[in-house]
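Keep in mind it's a predicted model, so treat the numbers as computed, not measured. We're numbering straight along the sequence, starting at 1.
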Amino acid sequence: QVLLVESGGGLVQTGGSLRLSCAASGLTLSSYAMGWFRQAPGKEREFVARISGSGTTTTYVDSVKGRFTISRDNDKNTAYLQMNALKPEDTAVYYCATDRAPVVRRDAKFYDYWGQGTQVTVSS
């Protein structure tokens with residue numbers, strides 16, 4: 001059984017930082033690209049970042065470039081999202097997900113396994 005579990009969310013002030021983790025079990029994480037998505041109330045799920053299986057290629061949505069960093073530790077079967085300089089508009093539930101394809105894809109429909117999400121709230 002494949003399981004992805006996010007952690008590290010919480011309440012932070014504008015300008016603060018959080019580090020999200022996504023621990024995977026039931027699969028060999030290095031065989032998958034990992035994506036982070038977020039969904040704010042009343043909005044569609046949005047692509048945030050992606051990292052290739054080897055960790056050599058990363059992709060970000062423009063709104064987080066320079067502030068967020070995606071990484072992974074395949075030995076620990078875990079992916080991370082370091083979020084700095086947080087803004088109120090970053091408030092959302094953040095999800096991690098896996099994608100078997102080696103090509104960069106931002107559409108959530110291509111991702112197969114998903115975590116349950118972790119809430120990030122940035123106060124102004």
Side-chain angles (χ1 to χ4, degrees):
Q1 178 186 0
V2 175
L3 190 64
L4 301 180
V5 179
E6 300 97 336
S7 61
L11 173 64
V12 64
Q13 291 184 334
T14 297
S17 298
L18 286 173
R19 188 193 194 203
L20 305 184
S21 298
C22 173
S25 59
L27 52 75
T28 302
L29 201 60
S30 58
S31 299
Y32 296 82
M34 293 297 300
W36 284 95
F37 292 79
R38 64 187 180 187
Q39 188 166 18
K43 295 188 177 181
E44 293 187 353
R45 192 165 297 191
E46 174 190 32
F47 170 83
V48 175
R50 175 189 170 103
I51 187 168
S52 61
S54 64
T56 56
T57 302
T58 57
T59 305
Y60 299 91
V61 68
D62 285 348
S63 60
V64 308
K65 284 181 180 177
R67 300 189 297 122
F68 290 12
T69 302
I70 189 171
S71 62
R72 64 191 299 155
D73 185 337
N74 287 336
D75 289 338
K76 295 183 178 179
N77 247 24
T78 302
Y80 305 96
L81 186 67
Q82 177 68 44
M83 306 186 296
N84 298 328
L86 282 161
K87 305 175 181 180
E89 50 263 45
D90 295 318
T91 295
V93 178
Y94 283 71
Y95 301 88
C96 64
T98 61
D99 183 4
R100 286 183 177 273
V103 295
V104 174
R105 304 197 288 191
R106 300 173 180 236
D107 194 328
K109 70 181 182 183
F110 294 117
Y111 289 72
D112 34 27
Y113 300 114
W114 290 82
Q116 83 289 348
T118 185
Q119 176 71 46
V120 171
T121 303
V122 184
S123 64
S124 57

Subject >> Nearest heavy-atom neighbours spanning Ser63 and Glu46 >> reply: OG-OE2, 4.3 Å
Subject >> For the student: nearest non-hydrogen atoms of Leu4 and Ala97, plus distance >> reply: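 Heavy-atom minimum between the residues: CD1-CA, 4.0 Å.
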Original post:
Between Asp62 and Lys65, is there a salt bridge with N-O shorter than 4.0 Å?
Top reply: yes
**OP:** Mark yes or no: Arg105 above the aromatic ring of Tyr111, with NZ or CZ under 6.0 Å from the six-membered ring centre and no more than 45 degrees from the axis.
**Re:**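 Because its charged atom misses either the 6.0 Å distance or the 45° angle limit, Arg105 does not stack over Tyr111.
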**OP:** Establish, for the pair Arg38 and Tyr95, whether the NZ or CZ atom is under 6.0 angstrom from the six-membered ring centre and no further than 45 degrees off its axis.
**Re:** no
**OP:** May I have the step-by-step check of side-chain contact (heavy atoms from CB on, under 4.5 Å) for Gln82 and Ser17, ending in yes or no?
**Re:** CA-CA 8 Å; Gln82 177 68 44; Ser17 298; 4.0 Å; yes
Nearest 0.5 Å, please: how far is [atom2] in [Y] from [atom1] in [X]?
X	Y	atom1	atom2	value
Arg72	Tyr80	CZ	OH	11.0 Å
Asn74	Lys76	CG	NZ	12.0 Å
Cys96	Ile51	SG	CD1	13.0 Å
Leu86	Thr14	CG	OG1	8.5 Å
Ile70	Cys22	CD1	SG	9.0 Å
Ser124	Lys87	OG	NZ	14.0 Å

Subject >> Stepwise side-chain hydrogen bond (donor to acceptor under 3.5 Å, both in side chains) test for Tyr113 and Arg100 >> reply: CA-CA 10 Å; Tyr113 300 114; Arg100 286 183 177 273; 4.9 Å; no
**OP:** Ignoring hydrogens and angles, tell me if any N or O in the side chain of Asp99 forms a donor-acceptor pair with the backbone of Ala33 under 3.5 Å.
**Re:**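 No; zero donor-acceptor contacts below 3.5 Å.
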Original post:
Between the main-chain N or O of Val122 and the side-chain N or O of Thr91, is there a donor-acceptor pair closer than 3.5 Å?
Top reply: yes
Quick one: do the [X] and [Y] side chains pair a donor with an acceptor below 3.5 Å?
X	Y	value
Thr121	Gln119	yes
Thr28	Ser30	no
Thr78	Asp73	no

Just wondering, do [Y] and [X] contact through their side chains at under 4.5 Å, heavy atoms?
X	Y	answer
Glu6	Gln116	yes
Val120	Leu20	yes
Arg106	Thr59	yes
Tyr60	Val48	no

**OP:** Kindly determine whether Tyr94 and Met83 satisfy side-chain contact (heavy atoms from CB on, under 4.5 Å), including the steps that lead there.
**Re:** CA-CA 11 Å; Tyr94 283 71; Met83 306 186 296; 3.8 Å; yes
Group every Ile, Leu, Val, Met, Phe, Trp and Tyr by side-chain heavy-atom contacts under 4.5 Å, then state whether [X] and [Y] land in the same group.
X	Y	value
Val64	Val93	yes
Val104	Trp36	no
Leu27	Phe110	yes
Val2	Trp114	yes

Subject >> Test log, rule side-chain contact (heavy atoms from CB on, under 4.5 Å), inputs Arg67 and Asp90 >> reply: CA-CA 11 Å; Arg67 300 189 297 122; Asp90 295 318; 2.7 Å; yes
